[in-house]
Amino acid sequence: MRVLVACEESQRVCIAFREKGHEAYSCDIQPCSGGYPEWHIQGDVLPILNGKCSFFTENLSLHTISDRWDMIIAHPPCTYLTATANRWLDTGKYGKKAWERIVEQRKAIAFFYRFVMADCNKIAIENPLGALSSAYRECDQIIQPWQFGDPYEKRTCLWLKGLSKLKPTNIVTPPPRHFFKSSNSMPEWYVKLNNLPKEERSRERSKTFPGIAKAMAEQWGGEV
């Protein structure tokens, strides 16, 4: 299959599909960190979203997709879409900054819809719980890394078209959460990333866990 993994610089999902023999490409405005520039398209994903296109991968090799993509797996940015981001939308409290974030949220929702409307029979879009449940619809499935062998918490929503829900492959126990003085809690791995610079922290938090990437490739792609 020809698989486009949109908004993915880590290449974890792309590599998992490549290991199953599929012609998979990651695409992101950032250079890849997964080590396979020959499989990475650095640039805007929208011009290639419906297939029937030519593009250069990061190593400057030219590729042509003569028809539609067989599958699209998208990880659109969630900065303005998460449930926690909603607290910054109080215009009475934050004024102009809140209005600016509202505009950015609407842009993010519009970008998400481009994947929903893509000309492809098999589509998976992932994002955290947040604005999309009301701006689009409730997700088809919520998954956790600990259901697929990685002992971490990261509640992830999947909106699916032409694809079955992922089945857990190896349920493990995540470590205890980190509790703050306010009694709020957060996964320990998430807290530890707070020491990183903002952009690096965001990049690390957005990466798909290996067990989930493997499950996507095995259950949605199978062997060629």
Under the side-chain hydrogen bond (donor to acceptor under 3.5 Å, both in side chains) rule, collect the residues that match up with S164, sequence neighbours excluded. none
Count I, L, V, M, F, W, Y as connected when their side-chain heavy atoms are under 4.5 Å apart, and connections chain through other members. Are [X] and [Y] then in the same cluster?
| X | Y | result |
| --- | --- | --- |
| V3 | W39 | no |
| M117 | W69 | yes |
| V103 | W99 | no |
| I212 | I73 | yes |
| V5 | M71 | yes |

Okay, side chain of D150, backbone of P145: is any donor-acceptor separation there less than 3.5 Å?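 Such a contact is absent between D150 side chain and P145 backbone.
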Which heavy atom of [X] sits nearest a heavy atom of [Y], and at what distance?
| X | Y | answer |
| --- | --- | --- |
| A118 | I123 | O-CD1, 3.8 Å |
| A124 | L163 | CB-CD1, 3.8 Å |
| Q11 | G35 | OE1-N, 3.4 Å |
| N50 | D119 | OD1-N, 2.7 Å |
| W220 | L158 | CH2-CD1, 4.4 Å |
| P174 | V172 | CD-O, 3.6 Å |

Contact between [X] and [Y] at the side-chain level, heavy atoms closer than 4.5 Å - yes or no?
| X | Y | answer |
| --- | --- | --- |
| V45 | F111 | yes |
| P37 | P31 | no |
| Y36 | C14 | no |
| C32 | Q42 | no |
| I72 | K161 | no |

Taking atom [atom1] of [X] and atom [atom2] of [Y], what is their separation to the nearest 0.5 Å?
| X | Y | atom1 | atom2 | result |
| --- | --- | --- | --- | --- |
| S33 | E9 | OG | CD | 3.5 Å |
| R2 | I65 | CZ | CD1 | 6.0 Å |
| H75 | N127 | NE2 | CG | 10.5 Å |
| L132 | Q105 | CG | CD | 8.5 Å |
| I143 | K165 | CD1 | NZ | 12.0 Å |
| K154 | E126 | NZ | CD | 6.0 Å |

Give the ring-plane orientation class for Y136 versus Y113, where under 30° counts as parallel, over 60° as perpendicular and anything between as tilted. perpendicular
Taking the six-membered ring where the residue is Trp, are the ring centres of F112 and W159 under 6.0 Å apart? yes
In plain terms, say whether E104 and K107 are close enough for a salt bridge, that is, a side-chain N and a carboxylate O under 4.0 Å apart.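 Result for this pair is yes, salt bridge flagged.
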Intermediate values then yes/no, side-chain hydrogen bond (donor to acceptor under 3.5 Å, both in side chains), T64 and S54: CA-CA 4 Å; T64 297; S54 295; 2.9 Å; yes
Check the pair F148, F209 against ring-ring contact (aromatic ring centres under 6.0 Å, His included), reporting the backbone distance first and the verdict last. CA-CA 9 Å; F148 301 90; F209 281 87; over 10 Å; no
Greater than 12 external heavy atoms within 6.0 Å of [X]'s [atom1]:
| X | atom1 | value |
| --- | --- | --- |
| R155 | CZ | no |
| K122 | NZ | no |
| R114 | CZ | no |
| Y152 | OH | no |
| I102 | CD1 | yes |

Between the side chains of E38 and S61, is a donor N or O closer than 3.5 angstrom to an acceptor N or O?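 Absent: no donor and acceptor within the cut-off.
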Using the ring of Y25 (Phe, Tyr or Trp, six-membered ring only), decide whether R18 places NZ or CZ under 6.0 Å from its centre and within 45 degrees of its axis.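 Pair R18/Y25 counts as cation-pi.
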